[in-house]
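Each remark here refers to the structure printed beneath this line.
In this chain, residues are counted from 1 in sequence order. As the structure is a computational prediction, the values presented were derived from the model and not from experiment. Just so you know, ligand 1 is whichever comes first in the structure, and atom 1 is the first atom listed for that ligand.
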Amino acid sequence: MKIRHRLALLFTLSVAGVMLLLYFVIYYYSRDFHRSEFADRLSARVDLTEKFFLEESRLPPDLARQVREQFLLKLSEEKEWLLSPDGPLPDSLAPFLAGQLEGLPIGGEIQFLDHHRQGLARIYELDGRHHLIVVTAVDEFGHTKLANLQRILLVSLPFSLLLVGLIGWLATRRALKPLESNLTRAKEITASNLGTRLELPPQRDEIHDFASIINDLLNRLERAFEFQKKFISNASHEIRNPLTVIAGEAEIALSADRPAADYRQSLVTIASEADRLHQLVNSLLSLARTGGEGELPDREDAAIQPILEEVREVIEKKYPNASIRWPEVSSDAQLSCNRILMRSALTNLVDNACKYDPSQQVIVDIHQQPEHWQITIRDHGIGIPAEEISLITEPMYRATNSRSFPGQGLGLAMVDRIAHWHNGHLTIQSTPGLGTTVTLDIPRHG
Ligand code: ADP
């Protein structure tokens, strides 16, 4: 069942419950009110009967009968009895009064109900003797009023419920309309129109929040999708280039008989391009590993000094002429990290600093902060254009001013992921022509 129908039904049932309760209370109190009102009138009739019998002895019998008929038979189907409380009771009264009169004081009353007939009995005293006066009558007026009320309530109930149901249905339909139109819109979103967004209703309600969450999700998906497309196009470009060179070189070498030196030259080119391809594939694999959804690699409390030593060894071999200032780190300084990933991240950063700084004047620093280690690598190289800084951590993105340098644009993407893995982050500050400072903040205790 749709939410709209469910809400309308729930609303109607709740209102029906409340209305039934209200109707019941109205009917119950009206009936009670009529009964007590009629009981007052019966009591007045008993008063009259009592007074009449007190006066009867002093009136002539004819006058007494006349007065009695004029004043006492006023209520509908009224009947009266003047009895001795100790004597036998008539059959019609016995079920209501038998056993109840004992101990009833003078003036004490008993009220009873015989179907529609209401009765009242009272003890009074005359000349030292106790008498029982009983008056019963039917409250026709009250019953008619109650029957009318019952009819009004019963007739109005289904109509009111119908109206409430209709109002509930219309109200929920109106409230959920933005959701329905957004559902239709969402069904139409495919990979080819990821730019479509859900409509945000003017009121800031749950539907508005939900639509804006879905829109945010679509923004992220669109970005990821765009990024994938760009990545695939960059990757295929990078793979195609060395393959074209290898195929071209082999074709030229095979097209005619050539001196051995030419073949050697071709093989050198092919080997170098194959090596480039090899490095590219390795980098792509490492990136895939760091970007995977699988298990995180183990972390340990690793000493920083040996990691820096390993980085230094690799870099000094690759850039023997570079002038790098390495930090002094105490041998017990530790970092909660995965050693291999951390070494790879730092090697990448120092390698970039040497590569993009023709003077190769690089400073590596490490500072202990209260909660984390701050590692900075500063160079005085070509720098990065401001508008490209946010893009260079995307796989295969290379800044426009660095295309003449060798590289594949995968290193920083990997470092960024490694930093995230360690709950740290990578910050890049750079001024074109002046140099770049890359800061890696890694929590000390994971
Ligand atoms: P690669 O260096 O192989 O191209 P990276 O992912 O390491 O790939 O770097 C991405 C891009 O960021 C580089 O192509 C370059 O444009 C820019 N970059 C990174 N480090 C520096 C740096 N220290 N100085 C200038 N540009 C840099």
| To which protein heavy atom is atom 11 (C) of ligand 1 closest, and what is the distance rounded to 0.1 Å? | Y397 O, 3.8 Å
| query | Do any nitrogen or oxygen atoms of G409 come within less than 3.5 Å of a nitrogen or oxygen of ligand 1? | reply | yes
| message | For L410, state whether at least one heavy atom is located under 4.0 Å from any atom of ligand 1. | response | yes
| message | Within the 4.5 Å heavy-atom criterion, are P105 and I123 side-chain neighbours or not? | response | no
| said: Among all protein heavy atoms in this structure, tell me which lies nearest to atom 23 (N) of ligand 1, with the distance rounded to 0.1 Å. | reply: D379 OD2, 2.9 Å
| task | Please report which non-hydrogen protein atom sits nearest to atom 7 (O) of ligand 1, along with the residue it belongs to and the distance in Å to one decimal place. | result | N352 ND2, 2.7 Å
| What residue and heavy atom of the protein are closest to atom 21 (C) of ligand 1, and at what distance? | Y356 CD1, 3.5 Å
| task | Check whether any N or O atom of K355, backbone or side chain, sits under 3.5 Å from an N or O atom of ligand 1, and answer yes or no. | result | yes
| said: Looking only at protein heavy atoms, which one is nearest to atom 26 (N) of ligand 1, and what is the separation? | reply: I384 CG1, 3.3 Å
| note | Exactly one of N219, D209, L198 clears side chain to side chain contact (heavy atoms under 4.5 Å, CB included) with I214, and that residue is L198
| query | Using 30° and 60° as the class limits, which term best fits the ring planes of H116 and H143: parallel, tilted or perpendicular? | reply | tilted
| For atom 15 (C) of ligand 1, closest protein heavy-atom neighbour | S402 OG, 3.5 Å
| Protein residue, atom and distance nearest to atom 5 (P) of ligand 1, heavy-atom basis | L412 N, 3.5 Å
| At under 4.0 Å between heavy atoms, which part of Q408 makes contact with ligand 1: side chain, backbone, both or neither? | backbone
